[in-house]
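Before any comments, here is the structure.
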Amino acid sequence: MTHTHSFNGTTATVALSGELDSHSARDSLQYIANVVDLCLPQALCLDLGALSFMDSSGLAVVLGAYRRMRELDGAFCVRNVPPQPMKVFSAVRLDRLIRFE
């Protein structure tokens, strides 16, 4: 799992690539929390375009990022979700809570 981020002054984008599973979830959530704490963005977008696999541990990462942005009264979205991770999100109907682009 690799992580990168960018910040344009209001929006932080965190890109995750590789496999988001029980082995990488904790590090991914910590990386996202560090970016949010450092940048204090008005919006956070997770870009999952380079994700090759995600299991239910990825749900905890996405929900953790969503909750952190709610604490800051910020916006949150998930972008470029590949088909396999989208099946995981769809199974729990996460689109009712989180905006997907």
Side-chain angles (χ1 to χ4, degrees):
M1 168 64 60
T2 58
H3 313 93
T4 60
H5 74 278
S6 62
F7 182 61
N8 71 5
T10 60
T11 301
T13 300
V14 174
L16 304 178
S17 62
E19 296 187 359
L20 183 54
D21 56 19
S22 61
H23 300 289
S24 61
R26 180 172 290 171
D27 288 341
S28 297
L29 192 53
Q30 185 62 54
Y31 183 87
I32 294 165
N34 289 343
V35 168
V36 170
D37 291 346
L38 177 68
C39 300
L40 295 174
Q42 294 173 13
L44 173 65
C45 291
L46 292 185
D47 187 332
L48 305 183
L51 212 58
S52 59
F53 174 81
M54 186 185 89
D55 65 13
S56 59
S57 301
L59 294 173
V61 172
V62 171
L63 286 170
Y66 168 78
R67 286 187 195 116
R68 181 66 179 117
M69 289 309 296
R70 293 266 325 248
E71 290 171 1
L72 297 174
D73 292 323
F76 179 76
C77 72
V78 179
R79 292 186 178 144
N80 303 321
V81 183
Q84 187 277 325
M86 187 53 93
K87 288 180 183 179
V88 177
F89 291 130
S90 297
V92 296
R93 313 228 25 202
L94 205 56
D95 60 330
R96 291 180 168 187
L97 182 65
I98 293 173
R99 187 179 69 176
F100 288 86
E101 298 178 350

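Numbers for residues simply follow the sequence, beginning at 1.
To the nearest 0.5 angstrom, L16 atom CG is 10.5 Å from M54 atom CE. The line from CE of M1 to CG of L20 is 4.5 Å long, rounded to the nearest 0.5 Å. We find the CD-CG distance between E19 and L51 to be 8.5 Å, quoted to the nearest 0.5 Å. Between atom OH of residue Y31 and atom NE2 of residue H3 there is a gap of 7.5 Å, rounded to the nearest 0.5 Å. Summarising the geometry, atom CG belonging to L44 is positioned 7.0 Å from atom CD1 belonging to I32; distances are rounded to the nearest 0.5 Å.
Taking R26 as the reference, nothing meets the salt bridge (charged side-chain N to carboxylate O under 4.0 Å, His left out) condition, with sequence neighbours excluded. Partners of T13 according to the side-chain hydrogen bond (donor to acceptor under 3.5 Å, both in side chains) rule, which considers only residues two or more places apart in sequence or in another chain, do not exist here. Scored by the ring pair (Phe, Tyr, Trp, His ring centres under 6.0 Å) test, F53 finds no partners at all (sequence neighbours excluded). Partners of C77 according to the side chain to side chain contact (heavy atoms under 4.5 Å, CB included) rule, which considers only residues two or more places apart in sequence or in another chain, are C45, R79, R99, E101. S56 is linked by a side-chain hydrogen bond (donor to acceptor under 3.5 Å, both in side chains) to nothing, counting only residues two or more places apart in sequence or in another chain. Applying the side chain to side chain contact (heavy atoms under 4.5 Å, CB included) criterion to A43, with sequence neighbours excluded, gives T11, A75. Residues satisfying the side-chain hydrogen bond (donor to acceptor under 3.5 Å, both in side chains) criterion with N80, sequence neighbours excluded, are D47. In this structure F89 satisfies the ring pair (Phe, Tyr, Trp, His ring centres under 6.0 Å) test together with F100, sequence neighbours excluded. The side-chain hydrogen bond (donor to acceptor under 3.5 Å, both in side chains) check on D55 picks up S57, with sequence neighbours excluded.
Residues F7 and C39 come closest through the heavy atom pair CZ-O, 3.6 Å.
Pairs of residues two or more places apart, or lying in two chains, never qualify as side chain to side chain donor-acceptor pair (under 3.5 Å) while including a residue from residues 81-98.
No side-chain donor-acceptor contact under 3.5 Å links D27 to the backbone of Q30.
In the hydrophobic cluster analysis, where Ile, Leu, Val, Met, Phe, Trp and Tyr join through side-chain heavy atoms closer than 4.5 angstrom, L38 is grouped apart from L46.
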For residues 61-68, which side-chain N or O atoms pair as donor and acceptor with protein atoms under 3.5 Å away, sequence neighbours left out?
from : atom 1 : to  : atom 2 : distance (Å)
Y66  : OH     : R70 : NH1    : 3.0
R68  : NE     : D37 : OD1    : 3.4
R68  : NH1    : E71 : OE1    : 3.1
R68  : NH2    : D37 : OD1    : 2.8

